[in-house]
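Only one structure is covered here, and it is reproduced in the block below.
Predicted model, so just to flag it, every value in this text is computed and none were measured.
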Number of protein chains: 4
Amino acid sequence: MKTVGIIGANGYTGSELVRLLAFHPEVSLGFLYSRSHPGTKISDGYPDLAAVCEMELTDRPEETDVLFLCLPHQESRNWLAQNPVKDETLVIDLGNDFRLDGNFGDRNFIYGLPEINKEQISGAKSIANPGCFATAIQLALLPLADKGLLNEVYTTGITGSTGAGQSLQATTHFTWRNDNISAYKTLTHQHVDEILQQLAASGSNEISLNFVPWRGDFARGIFTSSTIKTEAEFSDIEQWFNDFYAEAPFVTVSKKAIDLKQVVNTNRCVIQIEKQGNVMVVHSAIDNLLKGASGQAVQNMNIAMGWEENLGLNLKPAAF
Amino acid sequence: MKTVGIIGANGYTGSELVRLLAFHPEVSLGFLYSRSHPGTKISDGYPDLAAVCEMELTDRPEETDVLFLCLPHQESRNWLAQNPVKDETLVIDLGNDFRLDGNFGDRNFIYGLPEINKEQISGAKSIANPGCFATAIQLALLPLADKGLLNEVYTTGITGSTGAGQSLQATTHFTWRNDNISAYKTLTHQHVDEILQQLAASGSNEISLNFVPWRGDFARGIFTSSTIKTEAEFSDIEQWFNDFYAEAPFVTVSKKAIDLKQVVNTNRCVIQIEKQGNVMVVHSAIDNLLKGASGQAVQNMNIAMGWEENLGLNLKPAAF
Amino acid sequence: MKTVGIIGANGYTGSELVRLLAFHPEVSLGFLYSRSHPGTKISDGYPDLAAVCEMELTDRPEETDVLFLCLPHQESRNWLAQNPVKDETLVIDLGNDFRLDGNFGDRNFIYGLPEINKEQISGAKSIANPGCFATAIQLALLPLADKGLLNEVYTTGITGSTGAGQSLQATTHFTWRNDNISAYKTLTHQHVDEILQQLAASGSNEISLNFVPWRGDFARGIFTSSTIKTEAEFSDIEQWFNDFYAEAPFVTVSKKAIDLKQVVNTNRCVIQIEKQGNVMVVHSAIDNLLKGASGQAVQNMNIAMGWEENLGLNLKPAAF
Amino acid sequence: MKTVGIIGANGYTGSELVRLLAFHPEVSLGFLYSRSHPGTKISDGYPDLAAVCEMELTDRPEETDVLFLCLPHQESRNWLAQNPVKDETLVIDLGNDFRLDGNFGDRNFIYGLPEINKEQISGAKSIANPGCFATAIQLALLPLADKGLLNEVYTTGITGSTGAGQSLQATTHFTWRNDNISAYKTLTHQHVDEILQQLAASGSNEISLNFVPWRGDFARGIFTSSTIKTEAEFSDIEQWFNDFYAEAPFVTVSKKAIDLKQVVNTNRCVIQIEKQGNVMVVHSAIDNLLKGASGQAVQNMNIAMGWEENLGLNLKPAAF
């Protein structure tokens with residue numbers, strides 16, 4: 001059994017890691033770190049965990065084999081600088097600190113999207129876990145980027161309220177958000193750079209991604225639709241998608257209409273392609289806390305440690 | 001045209017009054033008072049009002065013919081003490097300050113449930129607007145109290161999130177509340193005393209009301225079910241209810257199953273009676289912000305001023 | 001008082017007309033026609049109407065001053081052929097029969113989008129009421145079409161379940177739709193032709209509209225975001241929008257972020273413009289049953305009859 | 001590996017069994033029986049299962065070690081009569097056929113509530129799986145029945161839409177049910193007899209259970225509040241509950257407020273006790289498809305087969 005520590009365990013992605021790792025057959029939870037709530041139980045804030053994990057939060061990190069950083073964005077570098085970690089510890093950062101620039105002292109964070117970087121992740125000691133929208137949109141676009149087909153992309157994506165974290169905000173007030181739809185960060189979402197960098201790494205440099213994010217009136221999940229123009233044949237495109245994801249255990253290219261709840265409470269991504277004339281739309285759906293965050297982090301850990309990729313991730317879908 | 005002022009206009013019940021009074025044919029809005037947001041527009045906080053009311057909030061109350069107090073509970077007495085109001089001004093308090101004890105200097109606040117106090121309300125200058133759960137539960141029980149039939153009452157009620165006001169709370173966080181049900185203030189809700197006092201005024205003194213309030217995963221509305229034992233015949237009970245509400249324009253006793261959305265965005269209350277053996281259940285539903293607060297306040301104003309009871313209250317139901 | 005008849009009164013748009021017209025000061029309901037439910041009350045199917053309208057549905061149409069057709073798409077022509085209507089009767093069709101081709105015998109149906117056709121609607125006897133998505137998207141694009149700025153448009157829109165009507169379908173099953181998002185009719189929605197025809201009438205002929213409709217997990221409303229490229233200055237564009245809607249009582253161009261619930265249960269449309277570099281996004285929101293259907297039909301009636309445009313349409317927003 | 005067959009696999013409880021058993025370490029799915037959809041894949045109706053189980057539905061049952069009956073109520077007896085099952089096959093019926101009378105030929109169905117019948121279930125070949133409301137309410141009342149404290153019980157319970165199954169009904173239409181609350185089967189719910197029979201088996205014969213079920217606007221879960229009168233001390237009651245469930249791995253007696261989402265997507269039941277004077281309220285919450293149906297069926301299988309009670313039931317909570 002390998003030991004695991006979680007920095008920022010009392011947030012949404014941290015608590016979701018606890019839900020996953022409590023039942024993971026190869027790891028045991030070593031400590032749950034929280035600056036804000038040391039001395040309380042993780043289940044005080046997340047009572048669903050009462051029967052799953054009775055550990056107390058602590059503000060004293062220990063040495064573990066794996067360390068997950070679930071801090072607010074741009075706090076991971078500082079934390080690592082102030083809390084040095086042994087070289088042999090696998091560090092997986094769920095923040096955005098190392099996604100665009102993975103260098104940190106002797107460490108070089110690998111962009112942890114297993115569908116394109118599985119080889120590099122295998123054996124890695126430093127992994128930058130992708131953003132939630134970035135995961136959903138890249139998985140929709142990568143097979144096209146791989147063929148050099150991308151040029152102008154128009155994407156709309158909708159996210160559940162858990163994407164906004166646990167702090168109380170006007171836009172996560174139930175009275176406001178229930179039955180409501182709104183746009184935010186139009187054309188300026190921070191994940192666009194992350195996506196473009198990875199698409200460029202696939203050889204597609206001249207892409208513009210016009211991304212309109214929406215807030216949805218549900219708690220879990222992301223659904224995106226991306227529209228592009230291409231003269232390629234639908235049957236060829238479909239084949240490219242199937243080939244691209246042939247070895248990806250968590251991605252399904254669906255011939256039928258997809259919907260968000262197919263993937264809620266799973267680590268899966270479902271993708272559907274449609275085409276009319278020379279206009280093509282790719283839909284994708286993930287659970288933002290799982291394939292979009294903590295589930296993907298566990299997937300990365302599994303690959304990095306040389307375990308089965310789906311260990312601890314055979315999750316019963318919520319479905320309804 | 002009579003002038004109206006609203007103290008605490010920037011809260012939920014205050015803004016709902018603006019929505020109603022902006023289209024009321026006999027009144028004009030004189031001022032909207034807010035300690036917290038003077039100088040901003042009411043539509044800054046409630047953008048649905050952008051095309052309805054472009055008034056600014058002020059912290060300087062003026063003299064008006066009607067004054068609505070929409071302050072947090074237990075702040076109305078202080079406010080009136082510090083901001084004396086002319087005797088001829090109609091004061092309607094939506095807080096709970098005057099519901100149990102209506103005396104305040106020369107004023108004597110009438111309990112503003114028109115279905116039992118219409119005569120007293122007519123011409124009154126001081127009205128204590130009932131609580132939302134108190135309204136829904138009383139309308140379900142009053143015809144029985146009137147017949148002296150009440151003894152032990154077991155009530156469960158569920159409320160929308162607007163009942164908790166606009167402050168951000170853990171229990172109004174969308175991520176928590178969506179698809180969730182929970183109990184609160186079990187057997188200790190503050191409206192129980194208010195209800196019992198009114199039922200006692202109907203001649204039913206020895207009533208115990210065991211009330212379990214629930215938080216619902218919707219924004220508007222209250223639904224309650226009250227169970228009692230009685231040997232009375234169903235047909236008699238039905239007749240009593242019909243007689244009791246014969247002159248009440250906003251109460252419907254339904255022979256068919258009722259549901260909450262029948263009354264959302266209206267000032268109505270729907271009631272349904274069911275009976276098996278000697279056990280009887282009365283269901284009732286209201287919109288907590290309308291018949292449970294601001295709509296009833298306008299109804300009280302209409303009666304007090306001698307206008308048609310439904311003036312400004314012929315609201316299109318939301319229905320869906 | 002003018003008399004009004006509704007053909008297909010027992011559907012969603014028909015019942016919503018009843019909710020509006022029951023309180024309209026210039027009309028009285030003459031008859032409510034339903035093939036499927038003659039002899040029942042409209043309030044049997046829509047119990048929120050119990051206290052608003054106690055009329056029975058009938059399968060015998062009568063002569064009225066105004067006739068609203070709320071039939072399934074492509075049934076209005078047949079109905080009119082089989083049930084001749086006097087020339088002086090104002091006929092407003094909420095189906096899609098006359099939107100692309102308004103000719104029908106001596107009648108010539110005017111496309112009833114008041115924001116562009118108010119003059120033609122005034123005094124008209126035949127009006128084709130626009131589609132719901134068509135209304136939301138056109139109001140977002142028309143000021144740009146008017147300036148000849150449109151070329152490629154990429155639009156995503158999300159609709160409430162009422163848009164699918166009252167028939168029980170797998171995609172309107174609560175268990176499936178709750179918390180769910182899905183795409184449908186990708187790039188093939190029937191409103192695209194309707195939109196393009198009107199934009200062409202504005203002088204913009206070479207427009208392609210790539211429209212991805214989504215099903216939302218709410219009952220009322222439509223929210224759309226349209227992305228286009230333009231070198232025009234933001235301040236100019238904003239001015240064009242403000243000028244274009246200067247005389248439109250139900251359209252608000254908002255400087256602040258908009259959200260769907262601002263317009264729910266109103267006849268309003270809110271629009272917001274954003275721009276980054278040469279990419280521009282226009283968001284728009286309407287209530288699909290009101291500005292997207294029955295409310296706009298009443299607005300058209302008001303204009304055609306020479307009444308105030310907002311008569312019977314000063315609706316209290318649901319807001320929450 | 002033991003083989004498992006599911007009769008009625010294409011319904012909600014059947015498909016939920018597939019979700020559970022696909023990952024169960026001791027069983028393999030032998031066949032999925034469906035009269036209505038033979039030849040189609042289970043994932044055609046439940047696309048979340050696409051990556052979990054690619055089996056086809058069949059109308060030809062085979063011999064298996066375990067057989068789950070997920071038929072409509074009152075069809076299990078007929079099915080077994082027409083499709084004889086070997087004596088050594090473990091039959092678990094999720095319908096209500098054998099709950100009140102377990103006799104069927106040589107078989108005697110044990111009431112499968114493990115918290116009271118674990119010994120009888122161990123080694124049993126015939127198990128009647130309890131109803132969903134019956135499970136939630138019994139778990140709330142059994143410790144009191146065990147002490148002979150129950151007399152008059154007043155219970156309100158609310159259920160998610162999955163409780164109504166997959167057939168399209170007016171009361172499961174999204175447009176109707178979203179944001180709506182309604183009562184049904186007031187005082188006449190079929191689970192009352194089931195509950196009273198079990199409470200009587202605990203020695204409490206003279207109980208009356210006044211149960212008001214509500215339909216909730218969510219898909220998964222049941223929340224109940226039961227009010228009784230008792231002179232017993234709160235601390236004693238709490239001790240009885242803790243003692244009663246000391247060996248029950250899926251029941252938690254919480255000192256803190258509970259809410260429905262604590263148990264969604266888990267096989268758990270959480271219970272909370274409150275008391276004011278001589279009035280006591282017990283709240284309980286379960287996931288109706290898991291502890292209220294398919295999860296409990298797997299728990300029963302585990303016990304009957306002599307496996308760990310929680311095998312295949314360490315489910316990641318949905319939590320949000």
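Contact of C:F223 with chain A is made through backbone and side chain together, with heavy-atom distances under 4.5 Å. With a threshold of 4.5 angstrom between heavy atoms, A:Q262 does not approach chain C through any atom at all. Neither the backbone nor the side chain of A:S161 has a heavy atom closer than 4.5 Å to any heavy atom of chain C. For a residue to count as touching a neighbouring chain, one of its non-hydrogen atoms must lie under 4.5 Å from one of that chain's; by this rule C:W214 touches chain A with the side chain only. With a 4.5 Å cut-off on non-hydrogen atoms, C:T171 does not touch chain A at all.
Here the closest non-hydrogen pair linking C:L260 and A:N180 is N-OD1, 2.9 Å. Here the closest non-hydrogen pair linking A:W176 and C:K261 is O-CE, 3.1 Å. Of all non-hydrogen atoms in C:T186 and A:H283, the two that sit nearest each other are OG1-NE2, 3.3 Å.
To the nearest 0.5 Å, atom CD of residue C:E152 and atom CD of residue A:E152 are 9.5 Å apart. Rounded to the nearest 0.5 Å, atoms CZ (A:R177) and CG (C:D259) are 11.0 Å apart. With rounding to the nearest 0.5 angstrom, the OG atom of A:S225 is 12.5 Å from the CG atom of C:N210. Distance check: A:F320 CZ to C:H173 NE2 gives 8.5 Å after rounding to the nearest 0.5 Å. The distance from atom CD1 of C:I158 to atom CD1 of A:I158, rounded to the nearest 0.5 Å, is 4.0 Å. In this structure, CG on A:D217 lies 6.5 Å from CD1 on C:I181, to the nearest 0.5 angstrom.
With contacts defined as side-chain heavy-atom distances shorter than 4.5 Å, the pair C:V212/A:E274 does not qualify. At a threshold of 4.5 Å between non-hydrogen side-chain atoms, the residues C:L187 and A:V281 count as touching.
In this structure, A:E233 places its CD atom where only 12 or fewer heavy-atom neighbours from other residues, nucleotides or ligands lie under 6.0 Å away.
Counting heavy-atom pairs closer than 4.5 Å to chain C, the top-ranked of the candidates A:K275, A:Q272, A:K229 is A:K229.
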